[in-house]
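Each remark here refers to the structure printed beneath this line.
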Amino acid sequence: MRIEGLRAQRDALRRIAQTPTRLEQKLQSLTKAEGIVAILRASPEPMTLGQIAEAMTAAGKLTNNNGASVYIDGLLKEGRVVRVRRGLYRDA
């Protein structure tokens, strides 16, 4: 009995882990720049380049720190992202 319960719990956790969140679903249809803005908008706190890259990669858009940096630079110039302090960004 206990083994069956544990298996059911394991299967439920696998389904949850495999189900993309709304943000992840939304990011699939966005460009990387738009995705970065969406991630920053969804975050309650400013994010580092590493956190942005991790969130993008987790959502299925492979991004590293250098790639995120290039997009952030353009988004800063467009006024879509704000530098809170060195290395921390949020949506405008």
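Numbers here are sequence positions counted from 1.
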Flag, side chain of Thr57 to backbone of Thr63, donor-acceptor distance under 3.5 Å:
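Looks like yes, one N/O pair under 3.5 Å.
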So does Asn65 get a backbone contact from the side chain of Ser69, meaning a donor-acceptor N/O pair under 3.5 Å?
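No; zero donor-acceptor contacts below 3.5 Å.
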Taking all non-hydrogen atoms of both residues, which atom of Leu76 and which atom of Val81 are closest, and how far apart?
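Between these two residues, the closest heavy atoms are CD2-O, 3.3 Å.
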Taking all atoms of both residues into account, what is the closest heavy-atom pair of Ala55 and Met47, and its distance?
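Closest heavy-atom pair between Ala55 and Met47: CB-CE, 4.3 Å.
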Drop me the distance from [X]'s [atom1] to [Y]'s [atom2], to the nearest 0.5 angstrom.
{"X": "Asn64", "Y": "Ile52", "atom1": "CG", "atom2": "CD1", "value": "12.5 Å"}
{"X": "Asp73", "Y": "Lys77", "atom1": "CG", "atom2": "NZ", "value": "4.0 Å"}
{"X": "Lys32", "Y": "Ile39", "atom1": "NZ", "atom2": "CD1", "value": "11.0 Å"}

Mind jotting down which residue pairs meet the salt bridge (charged side-chain N to carboxylate O under 4.0 Å, His left out) criterion with at least one end in residues 47-61? Sequence neighbours excluded, please.
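Listed by first then second residue: nothing to list.
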Mind jotting down which residue pairs meet the side-chain hydrogen bond (donor to acceptor under 3.5 Å, both in side chains) criterion with at least one end in residues 82-92? Sequence neighbours excluded, please.
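Non-adjacent pairs meeting side-chain hydrogen bond (donor to acceptor under 3.5 Å, both in side chains): Arg41-Asp91.
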Which residue is it: Leu40, Val37, Ile36? I am looking for the one with a side chain to side chain contact (heavy atoms under 4.5 Å, CB included) to Arg80.
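It is Val37; the other options fail the test.
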